[in-house]
Amino acid sequence: MAKLRVGLLFGGRSVEHEVSINSAYSIFRALDPERYEVHVIAVDHAGRWHLSPPARPPQSPIEGDEVRAPAVPGERGLLPAAAGAAQPLAQLDILFPIVHGRGGEDGWLQGLLELAELPYVGSGVLGSALQMDKEVSKRLLHAAALPVLPWISVRAPELERDAAAVVRRASDDIGLPVFVKPANGGSSVGISRAADADGLAAALREAARYDTKILVERAIPARDVEVALLGNEPVEASIVGEIRTRREFYDYEAKYVDEDTELLVPAPISEELSERLRALAIEAFQALEGDGLARVDFVVDRDTEEFFVNEVNSLPGFTDVSMYPQLWQATGLPYPALLDRLIELGMERHRRRSALETQYRRT
Ligand SMILES: Nc1ncnc2c1ncn2[C@@H]1O[C@H](COP(=O)(O)OP(=O)(O)O)[C@@H](O)[C@H]1O
Ligand SMILES: [Mg+2]
């Protein structure tokens with residue numbers, strides 16, 4: 001049987017560019033060369049695509065010919081970016097995007113792929129956009145009666161006009177301490193905890209460097225507990241994992257630098273709580289239009305065991321030691337089989353959608 005031609009897209013113009021390289025490297029190493037012909041495509045910091053030389057794994061610095069994917073239905077070739085060049089440098093059957101954050105995980109890329117009618121791994125335009133935006137996500141989760149921490153959102157102009165008023169509004173409505181976050185972000189970049197008015201003002205300024213919409217949320221003494229999901233409809237939940245850090249919270253350093261951060265699989269929680277979180281994770285995924293995969297993160301109060309959905313990540317960290325693959329490994333699905341399944345799910349989603357009518361026909 002002919003090999004499936006998989007485009008592995010990594011990098012991107014977000015603060016998570018480097019993280020994406022590590023994820024893509026692990027995926028490249030684990031994709032079965034008997035089944036797949038892999039084309040590695042790097043997105044540089046300016047958002048331009050480069051087709052890596054054959055057999056070169058995802059790595060930095062970026063090399064290779066600049067290419068573009070035409071947003072033309074059925075044209076699945078990567079064309080040279082140079083004007084006038086017409087012959088594709090590679091043909092793809094499916095794209096596996098492992099571009100975290102803005103431009104990759106938020107629906108932009110998925111829109112391009114829909115226009116090209118190219119199958120891809122993971123959530124579609126709407127699901128990606130919803131899961132990326134922490135504020136819209138919270139509204140939808142709240143509307144679906146799922147537990148979320150109280151929050152307010154702040155827009156940049158309001159903050160620029162009267163920062164002191166925003167500080168008062170946040171302290172009055174939410175109460176200190178709080179977490180302050182850019183609404184669209186990841187890897188904890190731009191996030192801080194504030195315990196007093198001065199700290200809150202500084203935290204708002206910091207978050208405003210990364211987004212024009214900011215979330216202020218009640219802070220709890222939190223344990224970070226996570227569930228991996230796999231499937232379109234129906235979707236399955238993995239066993240539950242927990243992250244332990246010695247830092248104040250699970251910040252950028254704890255995620256990528258600190259050697260003492262521990263992944264506990266399974267999480268040391270009761271069977272009852274674990275079942276509850278797995279069911280909630282599926283509800284959260286469905287409320288946010290997820291497809292294929294997601295990692296649903298909860299915060300669990302250390303003192304009371306009260307739990308809240310923190311966020312749903314449509315493209316979680318994907319190195320072979322990241323939480324998402326580890327959870328599936330421990331649930332009985334090894335990393336290479338997980339990749340096979342994700343590719344199958346992407347093809348299945350595409351088949352289902354391309355079978356839909358695009359013209360009115362009287363029946
Ligand atoms: N309301 C909160 N209370 C306590 N800890 C929080 C709260 N919000 C976030 N955190 C901590 O900050 C970390 C990063 O926040 P998160 O919203 O997950 O952002 P990111 O998308 O960057 O991962 C969480 O994993 C958790 O450790
Ligand atoms: Mg997080």
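When a ligand or atom number is given, it counts from 1 through the structure's own listing order.
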Distance to 0.1 Å, residue and atom name: give those for the protein heavy atom nearest to [atom].
{"atom": "atom 9 (C) of ligand 1", "answer": "Lys181 NZ, 3.4 Å"}
{"atom": "atom 15 (O) of ligand 1", "answer": "Ile191 CD1, 3.6 Å"}
{"atom": "atom 16 (P) of ligand 1", "answer": "Asn310 ND2, 3.6 Å"}
{"atom": "atom 4 (C) of ligand 1", "answer": "Ile220 O, 3.1 Å"}
{"atom": "atom 21 (O) of ligand 1", "answer": "Lys134 NZ, 2.6 Å"}
{"atom": "atom 13 (C) of ligand 1", "answer": "Tyr250 O, 3.6 Å"}

Please say which of Phe10, Tyr324, Phe28, Tyr25 ends up in a ring-ring contact (aromatic ring centres under 6.0 Å, His included) with Phe318.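 The option that passes is Tyr324.
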Can you tell me which portion of [X] lies within the under-4.0 Å heavy-atom range of ligand 1? Options are side chain, backbone, both, or neither.
{"X": "Ile243", "answer": "neither"}
{"X": "Ser188", "answer": "both"}
{"X": "Arg193", "answer": "neither"}
{"X": "Phe179", "answer": "side chain"}
{"X": "Ser187", "answer": "backbone"}

Shortest heavy-atom approach to atom 12 (O) of ligand 1 - which of Phe308, Phe249, Phe298: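 Looking at heavy atoms only, the winner is Phe249.
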Heavy-atom distance to atom 1 (N) of ligand 1: which of Arg223, Glu311, Glu217, Glu226 wins?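 Minimum heavy-atom distance to atom 1 (N) of ligand 1 goes to Glu217.
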Does ligand 1 come near enough to Asp297 that some N or O of the ligand is less than 3.5 Å from an N or O of the residue?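 No; every N/O pair is 3.5 Å or more apart.
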Contact (N/O only, under 3.5 Å) between Asn313 and ligand 1: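 By distance alone, the answer is no.
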Could you see if [X] belongs to whatever hydrophobic cluster contains [Y]? Use Ile, Leu, Val, Met, Phe, Trp, Tyr and a side-chain cutoff under 4.5 Å.
{"X": "Val43", "Y": "Leu118", "value": "yes"}
{"X": "Val299", "Y": "Val148", "value": "no"}
{"X": "Tyr256", "Y": "Tyr210", "value": "yes"}

Any ion pair linking Glu114 and Arg353 (charged N to carboxylate O, less than 4.0 Å)?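 Judged by the 4.0 Å cut-off on N to carboxylate O distance, Arg353 and Glu114 do form a salt bridge.
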Charged N to carboxylate O under 4.0 angstrom, Arg161 versus Glu158?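 The answer is no: the pair does not qualify as a salt bridge.
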What protein N/O/S atoms lie closer than 2.8 Å to the Mg ion (ligand 2)?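 Protein N/O/S atoms under 2.8 Å of the Mg ion (ligand 2): Glu311 OE2.
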Quick one: which of Ile282, Val312, Leu293 gives a side chain to side chain contact (heavy atoms under 4.5 Å, CB included) with Leu229?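 The option that passes is Ile282.
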Within-4.5 Å side-chain heavy-atom neighbours: Val265 and Met323: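 Contact flag for Val265/Met323 side chains = yes.
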Do [X] and [Y] have a side chain donor and acceptor closer than 3.5 Å?
{"X": "Asp297", "Y": "Asn310", "value": "no"}
{"X": "Ser23", "Y": "Ser20", "value": "no"}
{"X": "Tyr36", "Y": "Asp93", "value": "no"}

Check if Asp224 has a non-hydrogen atom at a distance under 4.0 Å from any atom of ligand 1.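 Yes; Asp224 lies near enough to ligand 1 that a heavy-atom distance drops under 4.0 Å.
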Tell me whether Lys255 reaches ligand 1 (any heavy atom closer than 4.0 angstrom to a ligand atom).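 Contact present.
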For [X] and [Y], work out which heavy atoms get closest and say how close.
{"X": "Gly290", "Y": "Ser123", "result": "CA-OG, 3.4 Å"}
{"X": "Pro97", "Y": "Val121", "result": "CD-O, 3.6 Å"}
{"X": "Ile21", "Y": "Ser60", "result": "CD1-CB, 3.8 Å"}
{"X": "Leu149", "Y": "Lys138", "result": "O-NZ, 2.8 Å"}

List ligand 1 atoms under 4.0 Å from [X], heavy atoms only on the residue side.
{"X": "Arg218", "answer": "1 (N), 2 (C), 3 (N)"}
{"X": "Ala222", "answer": "4 (C), 5 (N)"}
{"X": "Ala219", "answer": "1 (N), 3 (N)"}

Does the pair Val227 and Leu327 meet the rule for a side chain to side chain contact (heavy atoms under 4.5 Å, CB included), with working shown? CA-CA 7 Å; Val227 178; Leu327 287 174; 5.6 Å; no
